[in-house]
Amino acid sequence: MSVRKLKDTVLVKISETAEKLFGQVPDQFEISFPPNTDLGHFAVECFGLAKQFRKSPAEIAKKITEKIAPDDVIQEANASGPYLNIKLFPDVLFGDVCSEIISENHKYGESSHGQGTRVMVEYLSPNTNKPLHLGHLRNGALGMSISKILEATGHWVVKANLINDRGVHICKSMLAWKRWGGNSTPESEGLKGDQFVGNWYVRFAQEADKIQNLEDDVQTMLQQWEAGDPETVKLWKTMNNWVYDGFAETYKNFGLEFDVFYYESATYKMGKDVIQKGLAKNVFSKDDHGNTVFHLPTAEFGQEKSGDAKKVTVLRPDDTSLYITQDIATSILKIEEHKLGFSIYVVGSEQEYNFKCLFQILSSLGYEWAKDCYHLSYGMVYLPEGKMKSREGKIVDADVLIAEMKKLAVAEIRQRDPEDRLSDNEINHRAKKISVGAIKFYLLRVRPTQTINFDPAESISFDGFTGPYCQYAYARICGILAKAHGRTNNVHGCDFSVLGNPEELLLLQKLIQFPEEVNNAVEEFNPSKIAVHIFNTAKAFNQFYNKHHVLRAENEKLVTARLMLIKATAVVLKKGLELLGIEVLENM
RNA sequence: GCGCCUGUAGCUCAGCUGGAUAGAGCAACGGACUUCUAAUCCGUAGGCCGCAGGUUCGAGUCCUGCCAGGCGUACCA
């Protein structure tokens with residue numbers, strides 16, 4: 001029997017008993033867990049039934065308790081005030097749950113809700129003028145995790161990266177390098193390509209304070225680029241490729257993957273065409289300054305003080321494009337190329353208004369799928385000194401953070417290996433998984449809408465509510481299973497009736513709950529649901545581990561049954577971490 | 001001004017569509033390694049859940065008003 005079926009069995013039983021008692025089939029009621037495991041394995045709140053049957057919740061709970069007939073699944077029922085607590089026979093409860101998890105293995109927790117739905121997750125979307133920073137890592141962790149969660153719920157996911165590769169800001173680093181860079185390359189300077197280009201972007205800002213015409217020169221360069229001037233285009237390609245090489249390294253280190261790349265340089269012209277067509281159809285209009293504008297419907301967007309509708313500029317008077325111009329085009333491209341059921345944009349909360357406008361414009365252009373576009377907005381990452389500002393050097397560089405975390409992980413691993421048994425290779429391998437896991441967990445453990453106040457000391461911690469804590473629980477289980485010598489091969493021959501202490505029950509409860517949490521996570525686009533639940537699962541395991549023996553349990557039956565329980569726990573921990581984009585280790 | 005987000009323990013956050021005594025981690029203090037990995041566990045201490053009303057048998061959770069902070073409010077991205 002599966003976990004779901006087990007719950008259904010209990011539901012049906014209660015439903016039937018209530019019908020016999022009150023002559024009516026109860027309306028829907030939910031099954032939950034009692035606050036502690038002594039009370040029972042499952043609980044039913046009788047408030048809803050109270051309304052339907054016009055009796056007090058306590059009375060209903062009591063009556064059902066008296067009438068419920070024990071069978072081969074339900075051991076006993078107890079009323080506790082308005083609550084009806086149910087105990088099952090341990091062999092059924094533990095046996096069914098563990099067997100299901102072990103036989104489903106990595107598929108446990110998955111569902112088919114999204115079967116046949118294609119969905120695009122656009123995330124990261126960096127500019128090619130500077131290296132990635134902590135904000136990008138939050139975006140990346142979120143984008144990857146959401147993609148994995150969607151896949152686990154049956155969706156076909158296309159992960160997209162929209163590269164902002166053109167514009168004045170890109171020209172700034174180009175200009176600085178052209179003027180002062182000489183023949184230097186990332187290679188000659190021993191720098192990652194994105195770091196190298198980023199340095200020239202900073203240099204531009206410094207020089208612009210001193211040199212008067214620099215801003216004008218950069219505008220000239222942009223015009224040259226738009227005109228297709230071969231030399232400028234060549235420079236642009238060269239520098240962007242340096243950046244891409246650098247980014248690729250960071251993606252690999254942090255475990256970010258993409259199926260498709262969109263480049264604004266390739267879509268901005270299409271954006272202009274779409275605007276022109278819209279202008280012809282009167283979706284857009286020209287304002288007094290020559291801007292091409294869109295009037296937002298006052299019903300949803302309100303109005304200006306003057307009483308006019310609010311407007312959004314989609315094309316400048318000289319017909320050069322804006323951010324939203326190319327975004328309109330990219331949105332259309334995405335849908336046309338990939339036949340999407342829905343489309344997610346993982347972008348910071350500061351752009352909420354822009355996306356609201358974008359989706360409205362798409363809708364007004366006649367694209368019905370605009371309602372299937374969803375802006376997954378997330379809060380900013382603040383440093384102790386305040387908001388990150390790349391121009392002022394007030395940033396946490398992604399590569400630096402990853403490298404520092406890795407150093408700390410290496411130190412921790414060495415401390416646990418006083419006899420120097422581990423090879424450098426092995427240490428490196430472990431440190432990588434641990435450090436990246438720590439960063440991702442730190443960024444994903446709070447709901448996306450929360451602003452994160454980046455606390456360096458807390459973020460580098462490997463104790464408590466962290467990724468390494470969860471990885472550690474998994475590694476401990478692996479250690480035990482490795483010494484079990486195949487005694488976990490036959491789940492169905494295992495006698496589970498010996499299990500049932502509070503620690504075992506609590507752990508089992510977490511395993512039962514996992515699929516629901518995956519479901520909650522996908523419904524809310526909120527990976528923190530899984531992070532919190534995996535932490536609670538690891539914690540329940542550690543509590544069990546500290547109080548009870550597995551391999552040295554009192555008798556062989558207990559050893560085998562506990563082995564099954566922890567094997568199932570390992571499955572859940574691994575799957576949950578995987579959905580967060582975090583890898584597990586068998587040794588730590 | 002308007003829109004969105006946030007306000008829960010000293011700090012960082014959970015708290016599912018209202019339901020059993022408001023939970024965790026960190027920091028503090030006190031304990032547990034001859035025992036399956038102490039990156040662990042146990043205990044102590046710490047809360048007018050921003051404030052004030054309202055709805056309800058029942059509110060941290062829903063409604064209204066206020067206070068404080070963040071972001072946005074278009075020819076930046």
Side-chain angles (χ1 to χ4, degrees), chain A residues 30 32 34-36 39 43 45-48 50-51 56-57 80-83 85 125 127 164 167-169 287 289-294 296 301-303 305 310-318 320 322-324 327 347-354 356-357 377 379-380 382 387 409 412-413 415-416 434 438 442 445-447 449-453 455 457-459 461-466 468-469 471-473 475-484 516-517 520 523-524 528-529 531-532 535-536 538-539 541-553 559 562-563 566 587-588:
Chain A
E30 257 308 307
S32 59
N36 69 66
L39 291 166
E45 296 166 2
C46 298
F47 301 100
K51 215 165 259 176
S56 81
S80 167
Y83 297 92
N85 296 317
S125 311
N127 294 351
N164 187 273
V168 216
H169 50 300
D287 74 1
H289 308 283
N291 290 307
T292 307
V293 297
F294 176 77
L296 294 159
F301 289 83
Q303 53 194 32
K305 281 175 210 146
K310 290 186 178 179
K311 56 189 185 183
V312 40
T313 304
V314 293
L315 224 46
R316 293 193 186 94
D318 60 357
T320 53
L322 288 100
Y323 181 78
I324 200 161
D327 245 16
V347 181
S349 61
E350 73 273 18
Q351 292 194 34
E352 266 166 26
Y353 187 67
N354 302 284
K356 217 180 149 196
C357 294
S377 163
M380 326 203 70
Y382 283 99
K387 193 177 177 176
E412 287 274 338
I413 294 164
Q415 216 175 59
R416 285 164 180 76
I434 293 168
Y442 178 77
R445 67 184 196 180
V446 300
R447 72 190 116 100
T449 48
Q450 269 285 353
T451 7
I452 292 181
N453 293 300
D455 177 344
E458 191 183 82
S459 71
S461 164
F462 297 157
D463 302 325
F465 187 22
T466 65
Y469 176 95
Q471 289 170 319
Y472 183 63
R476 273 178 149 180
I477 295 174
C478 288
I480 300 171
L481 292 178
K483 289 175 187 149
E516 263 174 64
E517 295 296 349
N520 290 340
E523 276 178 7
E524 297 172 31
S528 81
K529 292 279 171 189
V532 169
F535 169 68
N536 285 331
K539 196 179 158 191
F541 166 75
N542 278 326
Q543 288 169 333
F544 161 78
Y545 175 93
N546 270 278
K547 197 157 178 188
H548 307 286
H549 294 290
V550 177
L551 293 172
R552 255 167 277 152
V559 171
R562 283 184 177 164
L563 280 169
I566 65 167
N587 291 291
M588 267 176 88

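The chains referred to below are lettered A, B, ... by the order of the sequence lines, with proteins before strands, and numbering in each begins at 1.
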Between E350(A) and K311(A), name the one whose nearest nucleotide on RNA chain B is closer to the 5' end. E350(A)
Can you pull every protein N or O that's under 3.5 Å from an N or O on nucleotides 21-30 of chain B?
residue : atom : partner : partner atom : Å
A24(B)  : O3'  : K539(A) : NZ           : 3.3
G25(B)  : O2'  : F465(A) : N            : 3.3

What residues form a side chain to side chain donor-acceptor pair (under 3.5 Å) with N542(A), not counting sequence neighbours? Y469(A), R476(A)
Expressed in angstrom and rounded to an integer, what is the separation of N520(A) atom CG from A14(B) atom P? 15 Å
Distance-minimising heavy-atom pair for V559(A) and V550(A): CG2-O, 3.4 Å
Check the phosphate of U37(B) against R416(A), side-chain N and O only, distance under 4.0 Å to OP1 or OP2. Yes or no? no
At 4.0 Å (heavy atoms only), tell me whether L315(A) reaches a base, stays on the sugar-phosphate, or touches nothing. nothing
Protein-nucleotides 1-6 of chain B N/O pairs closer than 3.5 Å?
residue : atom : partner : partner atom : Å
C4(B)   : O2'  : E352(A) : OE1          : 2.8
U6(B)   : OP1  : R447(A) : NH1          : 3.1

Check every strand shown and say whether N587(A) touches a base, only sugar-phosphate, or nothing at a heavy-atom separation below 4.0 Å. base
Can you tell me if the side-chain N/O atoms of K483(A) get under 4.0 Å from OP1 or OP2 in U37(B)? yes
Below 4.0 angstrom from OP1 or OP2 of G72(B), is there any side-chain N or O of Y353(A)? no
Closest approach to the side chain of Q543(A), judged atom by atom: which nucleotide of C16(B), C42(B), C36(B) is it? C42(B)
Just do the side chain to side chain contact (heavy atoms under 4.5 Å, CB included) check on E412(A) and I434(A) with the steps written out, would you? CA-CA 10 Å; E412(A) 287 274 338; I434(A) 293 168; over 6 Å; no
Q351(A) side chain: which of U40(B), A77(B), C71(B) is closest? A77(B)
Of the listed A39(B), C36(B), U40(B), the closest approach to the N542(A) side chain comes from U40(B)
P gap between C13(B) and U6(B), integer Å: 12 Å
Salt bridge (charged side-chain N to carboxylate O under 4.0 Å, His left out) against R316(A), all qualifying residues, sequence neighbours excluded: none
For H289(A), is there any backbone N or O sitting under 3.5 Å from a side-chain donor or acceptor partner on D287(A)? yes
Starting at NE2 of H548(A) and ending at C1' of C42(B), how long is that distance when rounded to a whole Å? 13 Å
Does C41(B) have OP1 or OP2 sitting under 4.0 Å from an N or O in the side chain of Y469(A)? yes
Check this one for me: any side-chain N or O of Y323(A) less than 4.0 Å away from OP1 or OP2 of A74(B)? no
Whole angstroms only, please: what is the CZ-P distance between F294(A) and C75(B)? 17 Å
Checking all strands, does S56(A) fall into the base, sugar-phosphate, or nothing category for heavy-atom contacts under 4.0 angstrom? nothing
Nearest to the side chain of R476(A) - A14(B), U37(B), C75(B)? U37(B)
Using the rule given for side chain to side chain donor-acceptor pair (under 3.5 Å), can you reason through S461(A) versus D463(A), listing the C-alpha separation, both sets of side-chain angles and the distance that settles it, and then say yes or no? CA-CA 6 Å; S461(A) 164; D463(A) 302 325; 4.7 Å; no
Using the closest heavy atom to pick a nucleotide of RNA chain B for each, name whichever of V446(A) or I477(A) lands nearer the 5' end. V446(A)
May I ask you to decide if H549(A)'s main-chain N or O and R562(A)'s side chain share a donor-acceptor pair within less than 3.5 Å? yes
In this structure, how many angstroms lie between the C1' atom of U40(B) and the CD atom of Q471(A), rounded? 15 Å
For F47(A) and P57(A), work out which heavy atoms get closest and say how close. CD2-CG, 4.0 Å
What does L322(A) touch in the nucleic acid at a heavy-atom separation under 4.0 angstrom: a base, only the sugar-phosphate, or nothing? sugar-phosphate
For the P atoms, the ones on G50(B) and on G10(B), what distance do you get once it is rounded to whole angstrom? 13 Å
Side chains of I480(A) and Y545(A): does their closest heavy-atom pair fall under 4.5 Å? yes
Quick note, N453(A) side chain, CB onward, closest among C41(B), C36(B), U12(B) is U12(B)
Need the glycosidic conformation of C33(B): syn if within 90° of 0, anti if not. Which one? syn
Inter-nucleotide C1' distance (U56(B), G18(B)), Å rounded: 9 Å
Go through C42(B), U40(B), C75(B) for me and flag the one nearest to the R316(A) side chain. C75(B)
Give the minimum heavy-atom separation between Y323(A) and Q351(A), together with the two atoms involved. OH-OE1, 3.1 Å
With P as the reference atom in both, quote the distance from C4(B) to A28(B) in angstrom, rounded to an integer. 42 Å
Rounded to whole angstroms, how far apart are CE on M588(A) and P on C36(B)? 18 Å
Interatomic distance at C1', G30(B) relative to A68(B), whole Å: 39 Å
For I413(A), which contact category applies under a 4.0 Å heavy-atom criterion: base, sugar-phosphate, or nothing? base
Sticking with atom P, work out how far G15(B) lies from G58(B), rounded to a whole angstrom. 26 Å
Can you tell me how far C1' in A45(B) sits from the matching atom in C26(B), rounded to whole Å? 15 Å
Residue list, side chain to side chain donor-acceptor pair (under 3.5 Å) with S349(A), at least two apart or on another chain: none
Figure out the NE2/P separation between H549(A) and C41(B), and round it to whole Å. 17 Å
To the nearest Å, how far apart are N546(A) CG and C36(B) P? 12 Å
Has R445(A) got a side-chain atom pairing as donor or acceptor with F465(A)'s backbone, closer than 3.5 angstrom? yes
Closest non-hydrogen atoms of A438(A) and F462(A), given as atom of the first, atom of the second and distance, are CB-CE2, 3.9 Å
Can you tell me the distance, in whole Å, between the NZ atom of K547(A) and the P atom of C33(B)? 17 Å
Can you tell whether the side chains of K356(A) and E352(A) come within less than 4.0 Å, N to carboxylate O? no
Could you check whether P34(A) gets within reach of a base, just the sugar-phosphate, or nothing at all, counting any heavy atom under 4.0 Å? base
What does A50(A) touch in the nucleic acid at a heavy-atom separation under 4.0 angstrom: a base, only the sugar-phosphate, or nothing? nothing
Nearest heavy-atom contact between A538(A) and A473(A) is CB-CB, 3.8 Å
May I ask you to say what N85(A) touches in the nucleic acid, namely base, sugar-phosphate or nothing, with a heavy-atom cut-off under 4.0 Å? base
When you compare G69(B) with C62(B), how far apart are their P atoms, in angstrom units rounded to a whole number? 23 Å
Using the criterion of both pairing distances under 3.5 Å for Watson-Crick and G-U wobble pairs, give all stems of 3 or more consecutive pairs involving RNA chain B. B:1-7 with B:67-73, B:10-13 with B:23-26, B:28-32 with B:40-44, B:50-54 with B:62-66
